[in-house]
Each structure stands twice: as C-alpha cells, then as structure tokens.
Amino acid sequence: MIKMQNLKKVYKDCVALDTVSMHIRKGEFVAIIGASGSGKTTMLNIIGGLDTDYMGSCVVRNKEMSSLSDVECCTLRSRYISYVYQFFNLISFLTVKENVCLASQIKGKKVDEKELDQVLKLLGLEQKKDSFANELSGGQQQRVAIGRAILAHTDIILADEPTGNLDGENAENVMDILKALNKEGKTIVLVTHDLKIANYADRIIRLEQGKIV
Ligand code: ADP
Ligand code: MG
C-alpha cells in the first residue's frame with residue numbers, strides 16, 4: 001500500500017528524513033514513534049501527498065507521489081487517504097456536522113444521516129452537532145477531525161498525534177475506534193511520541209533524527 005525507498009527530505013538547513021525505507025501492507029496498523037523533531041510529521045505528510053518535494057521514492061497505491069500532477073494527487077487523496085492533522089484543520093465557520101461531512105460532500109456523495117449520528121455518538125459529540133468548530137475545546141476538535149476521517153470512507157487513514165489533546169478515557173476511546181476501523185480492513189498509519197498509544201498498532205516503526213532505528 002505504501003512503500004518508501006531511500007527517501008530523503010531536506011529542509012533548508014535540516015535533514016528531516018535520511019534515507020528512509022519501509023513498506024506498509026494493505027490492512028496493516030502501523031505506529032510511527034519518535035521524539036519531537038524526529039521526522040514523524042514529515043513522513044506522514046509525504047505519504048499523504050501534502051509534500052511531494054523529496055528525493056528517493058514514496059509509492060502509495062502504486063503511484064510515485066512526486067510524479068503526480070496536482071489534480072492526480074488531489075484525486076488520490078480524496079478517494080483513498082484521510083488525514084487527521086496534528087492541529088485538526090477544521091473549518092472554524094462550519095458546524096461539527098458540516099465539518100465531518102465535508103469530505104463526502106466534496107466527492108459529491110450524500111451523507112447517511114444515520115451513520116453520521118452513530119459516528120458523533122461514538123465520539124461523544126452528539127450534543128455538539130450544530131456547534132461551530134471554533135466553539136469547541138481542543139479535545140472536541142480532535143474528535144471532530146477523527147469523525148471526518150471515518151466518514152470519508154477511505155482505504156488509508158493517516159493520523160498525526162490523534163490523541164495528543166485527549167484525556168486518558170477519550171484517548172482510549174479514539175484508539176479503540178481506530179483499532180475497529182483497522183479490523184474492517186483499513187490501513188492505518190499513526191504518528192505518536194507515546195509508547196502506550198503506539199502499542200495499539202500491530203507494528204511500530206521508530207524514528208530517531210530522521211532515520212528508522
Ligand atoms: P516531528 O513530527 O517528529 O516532531 P517534524 O517532521 O515536524 O518532526 O520535523 C522534523 C525536522 O524537520 C525538525 O527538525 C523540524 O525542525 C524540521 N522541519 C519541519 N518542518 C519544517 C519546515 N517547514 N521548514 C524547515 N524545517 C522544518
Ligand atoms: Mg509532528
């Protein structure tokens with residue numbers, strides 16, 4: 001599903017990823033763990049097609065990410081990849097319901113209201129359905145971002161520190177949801193600095209200063 005080979009990402013004065021090679025199969029649940037600054041977000045951004053400026057290779061669903069046109073890259077992302085951002089990226093002037101339905105709407109699909117209510121309930125957001133995103137706490141925003149990824153119905157879910165703003169109980173709840181999505185066959189790549197969270201995954205890839213160790 002995802003294959004990196006000798007991938008190198010250099011920012012102006014910093015090697016963020018240094019000849020990284022790894023392979024993630026369809027249906028795997030993989031955690032990328034490492035200290036702050038080790039290159040985790042950079043790695044996820046490249047897998048997710050948000051950053052195509054790299055050396056070496058990153059192939060997702062048989063496509064080399066750096067060789068896609070903007071349109072091809074957006075199509076691949078909207079069809080197959082959901083991204084739970086570290087800082088949520090909700091649209092502040094849309095409601096919770098509008099935010100979680102956005103991905104489906106962009107694809108021109110009607111949202112199943114019953115499923116929407118189920119997902120909001122699962123995430124403990126049923127009372128907040130009509131609240132605007134900028135009226136939510138950090139933890140609530142994080143759960144909306146997860147709801148958006150669930151309702152997008154993509155094969156691949158990329159999640160950058162998805163429990164970073166959640167208390168213990170909510171973090172466990174979110175991890176149980178990700179585990180259940182994985183059981184349904186979704187490929188999940190989760191970034192975290194927390195070993196307890198990483199242990200939910202089937203396999204852990206550890207990064208140190210841009211290298212897989
Ligand atoms: P992590 O997510 O593991 O905390 P990042 O992937 O965000 O780490 O960053 C890896 C390294 O790349 C860090 O040293 C960081 O300072 C650097 N970096 C990240 N983004 C940029 C950027 N846009 N410009 C320059 N350096 C960056
Ligand atoms: Mg990060």
Side-chain angles (χ1 to χ4, degrees), residues 1-24 28-60 64-66 68 70 73-74 76-77 81-90 133 136-149 152 154 156-168 170-171 174-175 177-178 182 187-213:
M1 204 66 149
I2 300 162
K3 192 168 190 178
M4 285 190 169
Q5 232 160 353
N6 296 325
L7 187 134
K8 193 165 177 178
K9 169 71 193 182
V10 182
Y11 292 111
K12 268 187 309 252
D13 51 356
C14 151
V15 181
L17 290 174
D18 191 358
T19 49
V20 164
S21 299
M22 61 97 183
H23 188 183
I24 296 175
E28 260 198 301
F29 187 167
V30 172
I32 299 169
I33 194 169
S36 174
S38 58
K40 306 183 296 297
T41 295
T42 303
M43 194 158 165
L44 213 61
N45 284 348
I46 290 172
I47 296 170
L50 299 171
D51 181 357
T52 53
D53 177 21
Y54 56 79
M55 290 168 276
S57 167
C58 176
V59 173
V60 178
E64 178 64 55
M65 297 306 274
S66 61
L68 297 177
D70 285 351
C73 191
C74 287
L76 177 82
R77 282 167 49 197
I81 304 173
S82 295
Y83 202 120
V84 180
Y85 295 91
Q86 188 167 11
F87 303 108
F88 329 127
N89 284 356
L90 302 182
L136 303 176
S137 73
Q140 288 164 342
Q141 289 182 54
Q142 192 149 44
R143 282 178 277 148
V144 174
I146 290 157
R148 184 172 58 182
T154 56
I156 302 175
I157 297 179
L158 308 177
D160 196 350
E161 307 268 9
T163 58
N165 288 277
L166 302 180
D167 55 49
N170 273 310
V174 160
M175 292 312 298
I177 292 168
L178 288 177
N182 174 244
T187 306
I188 299 186
V189 186
L190 167 101
V191 158
T192 181
H193 61 272
D194 182 344
L195 187 58
K196 197 168 149 230
I197 294 296
N199 277 330
Y200 279 84
D202 302 323
R203 183 155 65 94
I204 297 177
I205 295 175
R206 187 178 291 276
L207 278 178
E208 264 175 35
Q209 296 180 354
K211 282 184 183 293
I212 292 182
V213 294

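The basis for the numbers below is simple: all heavy atoms, side chains too, and nothing from hydrogens, waters or symmetry mates. Ligands are counted one by one from 1 in listed order, and the atoms in each one are counted from 1 as well.
For residues 197-213, the pairs satisfying salt bridge (Lys or Arg N to Asp or Glu O under 4.0 Å) are D18-K211, E28-R203, K179-D202, with sequence neighbours left out.
The heavy atom nearest to atom 7 (O) of ligand 1, out of those in T41, T192, L17, is found in T41.
With hydrogens left out, the protein atom closest to atom 14 (O) of ligand 1 is C14 SG, 3.6 Å, a heavy atom. Looking at atom 13 (C) of ligand 1, its nearest protein heavy atom turns out to be G37 O, 3.7 Å. Remark: minimum distance from atom 27 (C) of ligand 1 to any protein heavy atom is reached at Y11 CD1, 3.2 Å. In this structure, atom 5 (P) of ligand 1 lies nearest to the protein heavy atom T42 OG1, 3.7 Å.
For ligand 1, the atoms sitting less than 4.0 Å from at least one non-hydrogen atom of A35 are 3 (O), numbered in the order shown with element in parentheses. Near A16, with a cut-off below 4.0 Å to any heavy atom, the atoms of ligand 1 are 11 (C), 12 (O).
Proximity of a side-chain donor or acceptor of E64 to a complementary backbone N or O of C58 within less than 3.5 Å is detected. Of the possible donor and acceptor atoms, none in the side chain of K40 sits under 3.5 Å from a partner among the backbone N and O of L207. No donor-acceptor distance shorter than 3.5 angstrom exists from the side chain of S66 to the backbone of T52, with no hydrogens or angles considered. No donor-acceptor pair closer than 3.5 Å links the side chain of T163 to the backbone N or O of L166.
Under a 4.0 angstrom heavy-atom cut-off, G210 registers as lying outside contact with ligand 1. Between G34 and ligand 1 there is no heavy-atom distance shorter than 4.0 Å.
Some N or O of K40 is nearer than 3.5 Å to an N or O of ligand 1, by distance alone. Polar contact check, G39 against ligand 1: a nitrogen or oxygen pair lies under 3.5 Å apart.
Atom 10 (C) of ligand 1 lies below 4.0 Å from at least one non-hydrogen atom of the protein. Under the 4.0 Å distance rule, the nearest protein heavy atom to atom 16 (O) of ligand 1 falls outside the cut-off.
Across every non-hydrogen atom of K9 and I46, the tightest pair is CB-CD1, 4.1 Å.
When ring centroids are compared, Y83 and Y85 come within the 6.0 Å threshold.
Residues that satisfy the side-chain hydrogen bond (donor to acceptor under 3.5 Å, both in side chains) test with N182, not counting sequence neighbours, are absent from this structure.
Within the 4.5 Å cutoff, the side chain of V15 has no heavy atoms near those of the Q209 side chain.
Taking 2.8 Å as the criterion, T41 counts as a coordinating residue of the Mg ion (ligand 2), since one of its N, O or S atoms falls below it.
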